[in-house]
Trainee: 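One structure is given below, represented as structure tokens, and several questions about it will come after.
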Amino acid sequence: MQIHDNVNLYWTRKERLKWGMILLSGTCLVYASRTSVPLLVPIIGKERGWSKPDSGIILSSFFWGYTLTQVLGGYISDRIGGHRIMWIAAVGWGTSTFFLPDIIRYFSKDDYSIQIIAFARVINGAFQGMHFPSMISLTSQRLTESERASFFSLVTSGSALGTLLTGVLGSYVLENYKWDTVFRVLGIISVAWTMILIYHSMLLNGRPTISKYSSSNRLPIRELITKAPFWSCVIGHACQNNCFFILLSWMPTYFHDTFPEVKSWIVNVMPWLASIPSIFVGRALSEKLINTGYSITATRKIIQTTCFAIQSINLLFIATTDSAERAILYMTLIIAGSGFHNSAIVVNPSDLAPKHSGSVFGFMNTVGSVPGFLGVYLAGHILHLTHSWAVVFMYIFIVEIIGCSVYLIFGSGKAIL
């Protein structure tokens, strides 16, 4: 086993700052691309005559592709470097975002138009599915154990920024241009960011990584799947994602249908604006608890339970309200609650398996993405059958309680591999 100088292995303070900005920007653009379709579905659907089940198929199809590449993306990233996988993926999701309007328009009169558009979303999702596993693999290789959770929590805050970017940009563009301009602008910016990523990735080539000198590169899957803490992490992640993905996909439609008098920019901006400070509050609270003597296990459970509690309470409130103002408030608090997830279960793979964090995160996010296609489609089906958003919110509430209970009982912050 060859020993390398840790100074050459880990990022310097200057490099941490540089890569923090690059990864934060990338995550922002990933989510901006992802949320562009949910934002525009009410308008495109009305223009194209899509039913709620049709919209549900298109919204959920993204997550079929997103699920397929999680484990593979993490596994390959752990072996050859997350920076390489990340820029390959970025080329795919950036260009597919740019050309999506062409697919929608060209096949709009085809008998299989919904299926073709859904397939295009599957491709976009498959490329995006590699982003987070490759990023957590990269940060695990280039940061010390004490730096990983805080750094990863910071760069994943780009998810809120990206959704906010889509809300602001989308609202402006829709008032002044056609809906396809949203895809064009996001596609161009994404490709430009990819060029920056490729340049800085080349600078990492040749430097040693943990995977190159670790005594074992293979993920012990059989051992992993027998561990209760791993499954509690997976189930908790899936249950929280069920709430997040359904609201991410259907929130514009909910307000468009229920409170059409509300300005679109308020709906598309306010909830996501609140999620940004909650991410940093969750991170600061997590660090405070650890510094005052709480174990990693206790800290992760406290932060994650805070996420579930905020969301569950406000899901009950929004299910019964008939006020647009209160609905916006409750929705804002639900989205804000999701920010605590970034400092709990999202960083838990680095606790459970620091040498295989990319692979474990990919495995966790694969199962965690199932609500993306099942939950989002089921929400559309429930609406088609009941015409009731309250039923959708109660369904999300029940799943949240299950996830919270499982993670509280079996969750852990100790290494299991």
Trainee: So Ile104 and Arg48, side chain to side chain contact (heavy atoms under 4.5 Å, CB included) or not? Walk me through it.
Mentor: CA-CA 9 Å; Ile104 294 175; Arg48 304 292 166 179; 4.3 Å; yes
Trainee: Would one find more than 12 heavy atoms of other residues, nucleotides or ligands at under 6.0 Å from atom NE2 of His200?
Mentor: yes
Trainee: Would you find more than 12 non-hydrogen atoms of other residues, nucleotides or ligands less than 6.0 Å from Ile221 atom CD1?
Mentor: no
Trainee: Do Pro42 and Lys46 come within less than 4.5 Å of each other through their side chains, counting heavy atoms only?
Mentor: no
Trainee: Determine, step by step, whether Val376 and Phe63 satisfy the side chain to side chain contact (heavy atoms under 4.5 Å, CB included) criterion, reporting the C-alpha distance in whole Å, the side-chain angles of both residues, the deciding distance to 0.1 Å, and the verdict.
Mentor: CA-CA 9 Å; Val376 172; Phe63 297 99; 4.2 Å; yes
Trainee: If you look only at pairs with a residue in residues 49-67, which of them pass as a salt bridge (charged side-chain N to carboxylate O under 4.0 Å, His left out), with sequence neighbours excluded?
Mentor: Lys52-Asp257
Trainee: Kindly write out the residues that satisfy side-chain hydrogen bond (donor to acceptor under 3.5 Å, both in side chains) with Arg34, not counting sequence neighbours, or none if the list is empty.
Mentor: Tyr31, Tyr66, Gln128
Trainee: Hey, mind stepping through Tyr254 and Val392 against side chain to side chain contact (heavy atoms under 4.5 Å, CB included) and telling me if it holds?
Mentor: CA-CA 11 Å; Tyr254 163 70; Val392 174; over 6 Å; no
Trainee: Give me the atom names and distance for the closest heavy-atom approach of Tyr10 to Glu15.
Mentor: O-OE1, 4.1 Å
Trainee: Taking Ser134's backbone N and O only, do any of them form a donor-acceptor pair with Ser137's side chain (distance below 3.5 Å, no angle check)?
Mentor: no
Trainee: Return yes if a side-chain donor-acceptor contact under 3.5 Å exists between Thr35 and Thr166, otherwise no.
Mentor: yes
Trainee: What closest approach, in Å, do Gly92 and Ser96 show between heavy atoms, and which atom pair accounts for it?
Mentor: O-OG, 2.8 Å
Trainee: Under 6.0 Å between ring centres, would you say that holds for Phe230 and Phe363?
Mentor: yes
Trainee: Hey, does the side chain of Ser232 reach the backbone of Pro229 with a donor-acceptor pair shorter than 3.5 angstrom?
Mentor: yes
Trainee: Once you round to the nearest 0.5 Å, how far does OG of Ser60 lie from CG of Leu378?
Mentor: 10.5 Å
Trainee: Does the gap between the ring centers of Phe393 and Tyr330 come in under 6.0 Å?
Mentor: no
Trainee: May I ask you to check whether over 12 heavy atoms, not counting those of Trp64, lie within 6.0 Å of atom CH2?
Mentor: no
Trainee: Any non-hydrogen side-chain atom of Leu59 less than 4.5 Å from a side-chain atom of Pro38?
Mentor: yes
Trainee: Mind checking side-chain hydrogen bond (donor to acceptor under 3.5 Å, both in side chains) for Trp179 and listing every partner two or more places apart, or none if nothing turns up?
Mentor: Glu47
Trainee: Between Gln311 and Ile334, what is the shortest heavy-atom contact and its length?
Mentor: NE2-O, 3.3 Å
Trainee: So which heavy atom on Ile396 is nearest to which on Asn242, and how close?
Mentor: CA-ND2, 4.1 Å
Trainee: Run the side chain to side chain contact (heavy atoms under 4.5 Å, CB included) test on Leu23 and Met86 for me, step by step, so that the C-alpha distance in whole Å, both residues' side-chain angles and the decisive distance to 0.1 Å come before the verdict.
Mentor: CA-CA 10 Å; Leu23 298 178; Met86 196 181 305; 3.6 Å; yes
Trainee: Return yes if some donor-acceptor pair links the side-chain N/O of Ser278 with the main-chain N/O of Ala336 below 3.5 Å, else return no.
Mentor: yes
Trainee: Counting neighbours of OH on Tyr294 that are heavy atoms of other residues, nucleotides or ligands and sit closer than 6.0 Å, is the number greater than 12?
Mentor: no
Trainee: Can you tell me if CZ on Phe397 sees more than 12 non-hydrogen neighbours from other groups inside 6.0 Å?
Mentor: yes
Trainee: Is it true that, when you exclude Lys18 itself, more than 12 heavy atoms of the residues, nucleotides or ligands shown sit nearer than 6.0 Å to its NZ?
Mentor: yes
Trainee: What heavy-atom pair brings Gly94 and Ser190 nearest, and what distance separates the two atoms?
Mentor: CA-CB, 3.9 Å
Trainee: Using a cut-off of 6.0 Å, state whether more than 12 heavy atoms not belonging to Met195 lie near its atom CE.
Mentor: yes
Trainee: Do Gln240 and Gln304 come within less than 4.5 Å of each other through their side chains, counting heavy atoms only?
Mentor: yes
Trainee: Nearest 0.5 Å, please: how far is CD1 in Ile196 from CD1 in Ile22?
Mentor: 7.5 Å
Trainee: Is there a donor-acceptor contact under 3.5 Å from the side chain of Thr258 to the main chain of Phe255?
Mentor: no
Trainee: Given side chains that start at C-beta, do those of Ile290 and Ile296 come closer than 4.5 Å, heavy atoms only?
Mentor: yes
Trainee: Aromatic rings His341 and His237: how do their planes relate, parallel, tilted or perpendicular, breaks at 30° and 60°?
Mentor: parallel
Trainee: Might you point out which heavy atoms bring Ile303 and Gly282 nearest each other, and give the distance in Å?
Mentor: CD1-O, 4.0 Å
Trainee: Does Arg300 reach the side chain of Tyr407, with side-chain heavy atoms less than 4.5 Å apart?
Mentor: yes
Trainee: Do Ser33 and Thr97 meet the criterion of a side-chain donor-acceptor pair at a distance under 3.5 Å?
Mentor: yes
